[in-house]
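What follows is one structure encoded as structure tokens, with my remarks underneath.
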Amino acid sequence: MLPIPYALDAVNFLAADVRNLFGPFVNVFLVTGRHWTQTDVGLVTTASGLLGITFQTPIGAAIDIVRAKRGVIVLTMAAMALSGAIIFAAPTFWPMAIALSILAVAGDAFAPAVSALTLGLVTKDKLARRLGRNSAFDHGGNIAIALLAGAVGYAFSQRAVFLMVPVFAALTSAAVLAIPADAINQDRARDLSSNGEAPGTAAGYRILFETRPLMIFALCAMLFHFANAPLLPLVGQKLALEFPKEATAMMSFCMVAAQGVMLPIAILVGRNADSWGRRPIFLIAFAVLPIRAALYILSDNAFWLIGVQLLDGVGAGIYGALTPLVIADIMRGSGRYNLAQGAVATTMGIGASLSALAAGEMVDHFGYSASFLSLGAAAAVAFLVFLGFMPETRDAHPPERRSAAAALEGAPGE
């Protein structure tokens, strides 16, 4: 049996390999390998994304209740393995739509399940460092799979890359099962107060709408992902059109460039989020995104595009490490941590799904530069909203309960 910290490291490292063989790799495969139009790609990714959005908040609520956190992760790995097999075997419109829909729902369950598992394994004073470490191992896994997928895609085919998914899914499942079930504190895993504030009682579902910082953060998350989600796929497409034989390798270079920056950023954020505060660090992430989008239009040179992609490491590195921590701050003691994660993920999914279709239409009708500028404008709005309205959450008090009856409203029997 692996020691618990190392098993959690392995879960984050190996699961990154599974999840990140989708997204940009699928996008580039469909455009360059199957000759889909941008609109067709945007349609299937938006449709699957919207299906996932429908389930995100209910999945978060269910994870708060379900005690088998490890089982949720194993189930998501099985679903992702099935998606990879479908993409390899039948990369046509309807099978792809089914595969990406399965992936969307599975992905919605995976991230909150890992965060809940982490909360249940570590105490609050160690949470920032542990979440930063989770993020660092996730980025390390991204680097590993990008290099390996690039090699497989170059040596064999873009299609062969997706056969790697079931292998890494099995390894991830073995890693999470190495964590003893009785090591997980179930109350702490849902951020439920254990200091007498509301012992054994979760807040009602309406707490999502009554907690102003959560609403502001969710709006910022939606705008951030609307601007950020299409950037890497669009850059990968530009590189693939110029170097069709090296399409997968070029996408791998882009991912490695960004992930190589994200890894130390995640460690830095995890070590300093408690002393520096969340808000000033997050402002850096929101400021970098519009700059990155604008820089893409200055040159089509491959070295320039990959170089600009390094900035993704700063913004996404901060975002990935801090988001679960900020939500834990905001929802402390409520018992609705995973519900809140699902709600924020819903807004993120809305932004990313809508931007996939919008960016595809923009490229088809106006070109890449217009698409980059439009996404940069959305990123600038996200920065301004966060700057003007988002408070510091490091020392946030637990959300207020309006009454004992309100606290129980909407909470299923547990």
Side-chain angles (χ1 to χ4, degrees), residues 111 115 127-140 142-143 213-214 216-232 235 254-298 305-330 344-345 347-348 351-352 355 372-373 375-396:
S115 294
L127 183 59
R129 282 180 174 265
R130 180 64 251 190
L131 289 174
R133 180 166 164 173
N134 281 4
S135 187
F137 272 93
D138 180 83
H139 298 315
N142 289 338
I143 293 172
L214 182 67
I216 296 169
F217 186 74
L219 174 61
C220 292
M222 181 180 71
L223 293 170
F224 185 93
H225 280 77
F226 181 91
N228 187 63
L231 290 180
L232 177 57
V235 171
C254 286
M255 291 178 65
V256 169
Q259 298 294 333
V261 177
M262 289 180 198
L263 195 156
I265 288 289
I267 295 173
L268 181 68
V269 168
R271 289 180 177 177
N272 295 283
D274 285 337
S275 58
W276 295 355
R278 290 38 158 162
R279 188 173 184 273
I281 300 175
F282 242 130
L283 279 171
I284 297 172
F286 280 95
V288 164
L289 186 54
I291 296 172
R292 173 176 155 229
L295 289 175
Y296 281 132
I297 71 173
L298 299 182
L305 294 174
I306 294 174
V308 173
Q309 185 60 24
L310 290 171
L311 292 176
D312 185 33
V314 177
I318 292 172
Y319 196 97
L322 275 188
T323 294
L325 184 59
V326 167
I327 297 174
D329 290 341
I330 295 171
V344 172
T347 65
M348 290 162 47
S355 68
F372 284 132
L373 286 176
L375 295 171
V381 173
F383 171 79
L384 293 174
V385 172
F386 195 93
L387 176 65
F389 300 99
M390 186 66 194
E392 174 59 57
T393 64
R394 177 182 53 190
D395 302 315

For [X] versus [Y], what's the shortest heavy-atom pair and its separation?
| X | Y | value |
| --- | --- | --- |
| V288 | G315 | CG1-N, 4.4 Å |
| I267 | A136 | CG1-CB, 3.6 Å |
| F226 | A378 | CD2-CB, 3.7 Å |
| G317 | H139 | CA-NE2, 4.0 Å |
| C220 | V385 | SG-CG1, 3.6 Å |
| S355 | P230 | OG-CG, 3.3 Å |

Is any side-chain heavy atom of [X] closer than 4.5 Å to a side-chain heavy atom of [Y]?
| X | Y | answer |
| --- | --- | --- |
| M262 | S135 | no |
| I216 | F386 | no |
| I327 | I330 | no |
| L268 | I281 | no |
| L214 | V344 | yes |

Stepwise side-chain contact (heavy atoms from CB on, under 4.5 Å) test for N228 and D312: CA-CA 9 Å; N228 187 63; D312 185 33; 3.5 Å; yes
Step-by-step side-chain contact (heavy atoms from CB on, under 4.5 Å) determination, R278 to V269: CA-CA 9 Å; R278 290 38 158 162; V269 168; over 6 Å; no
Intermediate values then yes/no, side-chain contact (heavy atoms from CB on, under 4.5 Å), Y296 and V235: CA-CA 8 Å; Y296 281 132; V235 171; 3.4 Å; yes
Gap separating the [atom1] atom of [X] from the [atom2] atom of [Y], nearest 0.5 angstrom:
| X | Y | atom1 | atom2 | value |
| --- | --- | --- | --- | --- |
| L298 | F372 | CG | CZ | 11.0 Å |
| L127 | D329 | CG | CG | 8.0 Å |
| I318 | I284 | CD1 | CD1 | 5.0 Å |
| I265 | Q259 | CD1 | CD | 12.0 Å |
| D274 | D395 | CG | CG | 9.0 Å |

Heavy-atom donor-acceptor pair, R394 side chain to A273 backbone, under 3.5 Å: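 No, because the side chain of R394 does not come within donor-acceptor range (under 3.5 Å) of the backbone of A273.
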Check: F282 ring centre within less than 6.0 Å of F217 ring centre: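 Centroid distance F282-F217: below 6.0 Å, so yes.
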Worked check of side-chain contact (heavy atoms from CB on, under 4.5 Å) between M348 and M222: CA-CA 4 Å; M348 290 162 47; M222 181 180 71; over 6 Å; no
Run the side-chain donor-acceptor check on residues 319-326: report pairs under 3.5 Å with partners two or more places apart or on a different chain.
residue: T323; atom: OG1; partner: Y319; partner atom: O; Å: 2.8

